[in-house]
Amino acid sequence: MQQRVTAPVIAASKGGRKLSMVTAYDYSSALLADEAGLDMILVGDSLAMVVLGHDDTLSVTMDEMLHHVRAVSRGAKRALVVADMPFMSYHAGVDDAVANAGRFLKEAGARAVKVEGAGAMLPKIAAMTGAQIPVLGHLGLTPQSIARMGGFKVQARTAEAAGMLTADALALVEAGCFAIVLEAVPAAVAAEVTRAAPVPTIGIGAGPGCDGQVLVYHDILGLYDKLRPKFAKRYAELGLASREALERYKAEVESGAFPGPEHSFAMLAGEEAKLRETDR
Ligand code: KIV
């Protein structure tokens with residue numbers, strides 16, 4: 001039995017080998033990510049877009065997230081499963097935030113949650129970590145703030161904004177975060193935050209200076225085309241391969257080439273002859 005990756009193991013790996021994280025939303029993809037040896041699996045609220053077909057992440061609910069986190073937890077035997085807290089599940093108040101975060105560990109098998117932002121979120125994050133719930137922070141482009149930010153835009157492009165980002169990262173550490181995702185910020189800024197923060201930074205569109213990287217499963221495998229951010233490197237074209245396979249299946253059904261004898265069942269010895277007999 002392999003040793004499970006835990007939040008303390010991730011926190012302690014600062015400055016060591018690079019950490020790998022991928023999103024997953026169901027049992028089969030979690031199993032693949034786990035077998036591939038990824039350190040962390042994030043059940044991202046990006047599932048609103050890549051799985052449920054919404055234009056942004058705002059509408060996904062606690063119940064939908066819980067459903068997918070349960071499936072991922074069944075597939076992940078070793079990787080740390082992190083549940084993304086959906087929009088408005090931690091914004092309104094500290095009690096709500098802690099109760100909702102707790103549900104992911106208690107009812108769905110996650111071993112950490114992810115929360116976007118600092119500022120007004122800090123008391124909620126401190127309360128979660130105080131309740132023994134490991135929290136992964138998320139700064140830079142925070143998609144749940146899309147209405148305020150006016151779109152999916154690169155953040156912290158000025159020296160002043162970079163300074164504020166570093167201050168936010170240190171505030172997240174103070175609130176107890178075991179690691180911090182940095183999304184869509186200039187590489188030099190992410191490297192600076194990584195130098196300043198005593199916990200690992202996990203970059204997505206944040207250059208090579210972070211302590212680890214995270215990408216969306218559907219982006220890595222070429223399964224989602226609606227949005228193709230510059231940082232989302234494709235390692236396979238499974239969308240194309242899947243469509244070709246489905247087209248071949250349709251053609252073989254229509255031509256009668258499928259199913260062949262190797263896909264069909266035989267009756268017990270002598271029974272087919274009896275069947276023909278009764279037909280006469
Ligand atoms: O929801 C998500 O997939 C994320 C990652 C992009 C970090 O938050």
Side-chain angles (χ1 to χ4, degrees), residues 2 5 10 13 17-57 60 64-65 68-69 71-84 86 110-112 114 116 136 138-144 146 152-154 179-187 190 194 200-246:
Q2 280 176 312
V5 180
I10 296 298
S13 69
R17 71 179 174 84
K18 295 268 187 181
L19 298 165
S20 56
M21 184 181 213
V22 66
T23 67
Y25 314 100
D26 60 24
Y27 170 78
S28 310
S29 50
L31 202 59
L32 286 173
D34 203 66
E35 286 169 358
L38 275 290
D39 295 305
M40 290 175 277
I41 298 179
L42 171 66
V43 189
D45 62 356
S46 50
L47 86 84
M49 298 170 74
V50 301
V51 174
L52 303 179
H54 297 292
D55 289 335
D56 55 45
T57 60
V60 70
E64 286 167 336
M65 290 300 300
H68 286 270
V69 173
V72 167
S73 297
R74 286 191 282 268
K77 309 282 179 250
R78 176 186 166 273
L80 175 65
V81 175
V82 182
D84 216 354
R111 285 296 170 260
K114 179 169 80 59
E116 293 186 8
L136 174 63
H138 184 163
L139 295 174
L141 169 54
T142 46
Q144 292 174 10
I146 188 176
F152 296 110
K153 293 179 180 165
V154 178
I180 301 168
V181 169
L182 296 176
E183 178 165 356
V185 297
T194 302
T201 57
I202 313 294
I204 173 163
C210 296
D211 297 302
Q213 298 291 326
V214 56
L215 281 178
V216 167
Y217 185 88
H218 289 57
D219 289 340
I220 293 178
L221 298 180
L223 289 167
Y224 184 76
D225 268 332
K226 215 163 148 188
L227 204 69
R228 288 186 69 164
K230 169 180 174 169
F231 55 75
K233 180 170 177 183
R234 287 193 179 213
Y235 288 83
E237 290 295 344
L238 298 194
L240 273 182
S242 305
R243 208 179 65 202
E244 276 166 22
L246 292 168

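A quick note: this is a predicted structure, and the numbers were derived from the prediction, not measured.
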The test is side chain to side chain contact (heavy atoms under 4.5 Å, CB included); show your working for M21 and L38 and say whether it passes. CA-CA 6 Å; M21 184 181 213; L38 275 290; 5.7 Å; no
Would V154 and K230 count as a side chain to side chain contact (heavy atoms under 4.5 Å, CB included) here? Give the steps. CA-CA 11 Å; V154 178; K230 169 180 174 169; over 6 Å; no
Evaluate V60 against L47 for side chain to side chain contact (heavy atoms under 4.5 Å, CB included), listing each step before the verdict. CA-CA 8 Å; V60 70; L47 86 84; 4.2 Å; yes
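Under the 3.5 Å distance criterion, the side-chain polar atoms of K18 are matched with a main-chain donor or acceptor of C210. T142 places no side-chain N or O within 3.5 Å of a backbone atom of L139 that could act as its donor or acceptor partner. Remark: the backbone N or O of Y25 is paired with a side-chain donor or acceptor of H68 at under 3.5 angstrom. D84 places no side-chain N or O within 3.5 Å of a backbone atom of V43 that could act as its donor or acceptor partner.
Taking NZ from K233 and CG from L215, the interatomic distance works out to 10.0 Å, rounded to the nearest 0.5 Å. Considering CD1 of I10 and CD1 of I202, their distance stands at 6.5 Å, rounded to 0.5 Å. Once rounded to the nearest 0.5 Å, the distance linking NZ of K114 with CG of L42 reads 5.5 Å. Here the straight-line distance linking atom CG of L136 with atom CD of E116 works out to 10.5 Å at 0.5 Å rounding. The distance from atom CZ of R74 to atom CG of L31, rounded to the nearest 0.5 Å, is 12.0 Å. Separating the CG atom in L182 from the CD atom in Q213 is a distance of 10.0 Å, to the nearest 0.5 Å.
More than 12 heavy atoms of other residues, nucleotides or ligands sit less than 6.0 Å from atom NZ of K226. The 12-atom threshold is exceeded at CZ of R234, counting heavy atoms of other residues, nucleotides or ligands nearer than 6.0 Å.
Residue V181 is tested with I204, T201, L141, V82 for a side-chain contact (heavy atoms from CB on, under 4.5 Å); the sole match is I204.
Nearest heavy-atom pair across V216 and T23 is CA-OG1, 3.3 Å. Contact between A71 and D26 at its shortest, heavy atoms only, is CB-CA, 4.1 Å. The shortest heavy-atom contact between V185 and G140 is CG1-CA, 3.7 Å. Of all non-hydrogen atoms in A30 and I41, the two that sit nearest each other are O-CD1, 3.6 Å. The heavy-atom pair separating D34 from G75 by the smallest distance is CB-O, 4.0 Å. Residue A33 comes nearest to V22 through the heavy atom pair CB-CG1, 3.7 Å, listed as atom of the first residue, atom of the second, then distance.
Between P143 and H138, the closest side-chain pair of non-hydrogen atoms falls below 4.5 Å.
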